[in-house]
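Reviewing the structure listed below.
Throughout, a chain's letter reflects where its sequence line sits, starting with A, and its residues are numbered from 1.
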Protein chains: 2
Amino acid sequence: MQNKTYHHGDLRNALILEAIVMLHEKGIGGLSLRELARRLGVGHNAPYRHFKNKQQLLEAVAATGFRRLKAHNIRLELELADDPESQLFESGVAILNMAMEQPELFRLMFGGYLSLGKCGPELKEEAHASIESLVKIISLAQQQDIFARGDVMRQTLAAMSMVQGLAMMASSGMLRDNVTGDEQQFKRLALQVYDILLMGLKKR
Amino acid sequence: MQNKTYHHGDLRNALILEAIVMLHEKGIGGLSLRELARRLGVGHNAPYRHFKNKQQLLEAVAATGFRRLKAHNIRLELELADDPESQLFESGVAILNMAMEQPELFRLMFGGYLSLGKCGPELKEEAHASIESLVKIISLAQQQDIFARGDVMRQTLAAMSMVQGLAMMASSGMLRDNVTGDEQQFKRLALQVYDILLMGLKKR
DNA sequence: AGACCATGTGGACATTGCCCACATTATAAT
DNA sequence: ATTATAATGTGGGCAATGTCCACATGGTCT
């Protein structure tokens, strides 16, 4: 009946995955280490063998989120190798989708929950890699004379800010009231907002 | 010695103000109703006569934050009556400043902590007012042919997203590492990012 | 003066994060 | 193969917290 051994075997990953589920169900505030342990059928202290404290578990969850985005971006880089503009767009769409489909995970990643100055190296690396991939796309766009030449970091920051801000509004429902709640219409609006960003970035 | 009466007199406001202080010291997670009560020298249940639960207290705090921004915007509207471009810029600066000086309050307001769909009417009104004031500024800029004519909501959303995203990055230290930690340099970078937004908004 | 309602108090309970000592298993050294 | 050692899981315990309850206190209005 119970194929459960004393040692779980892969508890660390199981914790992260179940945490993502629980995050989605109950939000960041509702995620508790003890219930997490209960759900996985282990004692309330087992998680502490893999994470020093709750904060570290959350960091690992966030890092997993960034890793998923990175995986998506790598696929984009292959499929749209010489089209940086589409790459930028699609990676923005991915973030938007995450904000709509897994708002709590998105909030954990981009909501400033992890001051990133005090977080562990794993999360820091993933976050940096996330930025670096954007930098790469944008400098490619500059080289192809699609975007105006200039400080790459400036354009990167502009793109990140715009997408992140838009996604945050979307996930926190700050739009639902102004945009008649229609998801289709929201996507149209998001596209138009993205156009404004593009106009600011493109060569003229 | 103790000018303390049984009834505090203005506990509701005192709670909100002290909550803002405590927020700044300990972050959202570290804010507890009980310590709040302790700090104000009242019983651990007194707050419940003014707020149904912790969530409602946080909403009131966030609403207070929005009210402060609104007050600032009203002043700007008087001082820069016919200069919507400067109004937009300055109200953006105000948000940036809040993100740097009171990052936890900023996070509470813009970090999606309050899904705004399920929050009380007070916060909802303040948040909406905040958007409306931007709409006003931007339609003025369109009328003066400073910004390209078109859907006002689209431009409003673009401006909000950009500023909010930039502020979130700043407050969560996601820049500190890429921008050599120099505050002066960050402000310069922020200005450049803002220029990209303006290029997207302006008439050409 | 007395009734009523807002406000503040203390007690209680379940839950949680985290610490401790101990148990069980895997790994490696002899 | 046996045995030390590290990795992993278990239970107990503690202080803190959010929230519920009954009760106390003090204005307010008739």
Side-chain angles (χ1 to χ4, degrees), chain A residues 1-23 25-62 104 108 113-115 118-120 122, chain B residues 1-23 25-62 104 108 113-115 118-120 122:
Chain A
M1 172 102 67
Q2 37 186 351
N3 65 354
K4 173 183 174 289
T5 57
Y6 190 92
H7 280 71
H8 179 285
D10 192 24
L11 186 54
R12 197 190 135 95
N13 282 330
L15 281 168
I16 292 177
L17 292 184
E18 188 63 31
I20 292 180
V21 173
M22 198 168 161
L23 204 55
E25 292 173 7
K26 315 231 224 175
I28 298 181
L31 194 161
S32 91
L33 289 186
R34 286 176 109 110
E35 184 177 345
L36 212 48
R38 246 174 275 134
R39 290 187 181 204
L40 295 177
V42 300
H44 67 269
N45 265 320
Y48 284 88
R49 301 297 141 179
H50 300 272
F51 303 99
K52 196 178 124 236
N53 49 33
K54 188 176 177 179
Q55 184 70 22
Q56 281 212 354
L57 185 263
L58 290 179
E59 285 181 18
V61 170
E104 295 293 333
L108 177 64
Y113 204 89
L114 27 47
S115 49
K118 315 176 213 161
C119 75
E122 184 192 9
Chain B
M1 173 111 53
Q2 39 185 347
N3 65 354
K4 173 180 173 291
T5 55
Y6 190 91
H7 280 67
H8 180 284
D10 193 22
L11 185 55
R12 196 190 138 95
N13 282 330
L15 281 168
I16 292 178
L17 292 185
E18 188 64 30
I20 292 180
V21 173
M22 198 168 161
L23 203 55
E25 292 173 8
K26 316 232 223 175
I28 298 181
L31 193 161
S32 91
L33 289 185
R34 286 177 107 109
E35 184 177 344
L36 212 48
R38 246 175 277 134
R39 289 187 180 204
L40 296 177
V42 300
H44 68 269
N45 264 320
Y48 283 87
R49 301 296 142 181
H50 300 273
F51 303 99
K52 194 178 125 234
N53 50 32
K54 189 176 177 179
Q55 183 71 21
Q56 281 213 351
L57 186 263
L58 290 179
E59 286 182 17
V61 170
E104 294 293 333
L108 177 64
Y113 205 90
L114 27 47
S115 49
K118 314 176 211 158
C119 76
E122 183 193 9

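Atom C1' of nucleotide D/dA16 and atom CG of B/L31 are separated by 14 Å, given to the nearest angstrom. The CG atom of A/L11 sits 19 Å away from the P atom of C/dT24 (whole-angstrom rounding). Taking atom CG on B/L33 and atom P on C/dG8, their separation rounds to 14 Å, with Å as the unit. Counting to the nearest Å, the P atom of C/dT7 and the CG atom of B/L15 are 12 Å from each other. Across the protein-nucleic acid pair, B/R12 atom CZ and C/dA6 atom P stand 15 Å apart, rounded to whole Å. Rounding to whole angstrom units, CE of residue A/M22 and C1' of C/dT16 are separated by 11 Å.
Here the side chains of A/L40 and A/L11 are in contact, with some heavy-atom distance below 4.5 Å. A/L23 is listed as a side-chain neighbour of A/V61, based on a closest heavy-atom distance under 4.5 Å.
In this structure, B/K54 NZ and B/L36 CG are separated by 10.0 Å, a value rounded to the nearest 0.5 Å. Here CE of A/M22 is found 5.0 Å from CG of A/L31. Values are rounded to the nearest 0.5 Å. Here the CG-CG distance, from B/L15 to B/L33, works out to 8.5 Å after rounding to the nearest 0.5 Å.
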Donor-acceptor contacts, no H, no angles, side chain residues 46-53 of chain A, under 3.5 Å, sequence neighbours left out:
| unit_1 | atom_1 | unit_2 | atom_2 | d |
| --- | --- | --- | --- | --- |
| A/N53 | OD1 | A/Q55 | N | 3.4 |
| A/N53 | OD1 | A/Q56 | N | 3.1 |

Distances for protein N/O vs nucleotides 12-14 of chain C N/O pairs under 3.5 angstrom?
| unit_1 | atom_1 | unit_2 | atom_2 | d |
| --- | --- | --- | --- | --- |
| C/dA12 | N6 | B/R34 | NH2 | 3.4 |

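When the salt bridge (Lys or Arg N to Asp or Glu O under 4.0 Å) test is applied to A/E35, the partners found at least two apart in sequence or on another chain are A/K26, A/R39. Shown here are the side-chain hydrogen bond (donor to acceptor under 3.5 Å, both in side chains) partners of B/N45, two or more places apart in sequence or in another chain: there are none.
For the pair B/R38 and C/dT9, the criterion of a side-chain N or O lying under 4.0 Å from OP1 or OP2 is not met.
Salt bridge absent: B/E18 and B/R12 never bring a charged side-chain N and a carboxylate O closer than 4.0 Å.
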| request: Please test A/L108 against A/L58 for side chain to side chain contact (heavy atoms under 4.5 Å, CB included), starting from the C-alpha separation and ending with a verdict. | output: CA-CA 8 Å; A/L108 177 64; A/L58 290 179; 4.2 Å; yes

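With the end axes of the helix from C/dA1-D/dT30 to C/dT30-D/dA1 each set by five pairs, the angle from one to the other reads 0° at 10° resolution.
Of the residues in residues 46-58 of chain A, those placing a heavy atom less than 4.0 Å from an atom of DNA chain C are A/Y48, A/R49, A/N53, A/K54, in numerical order.
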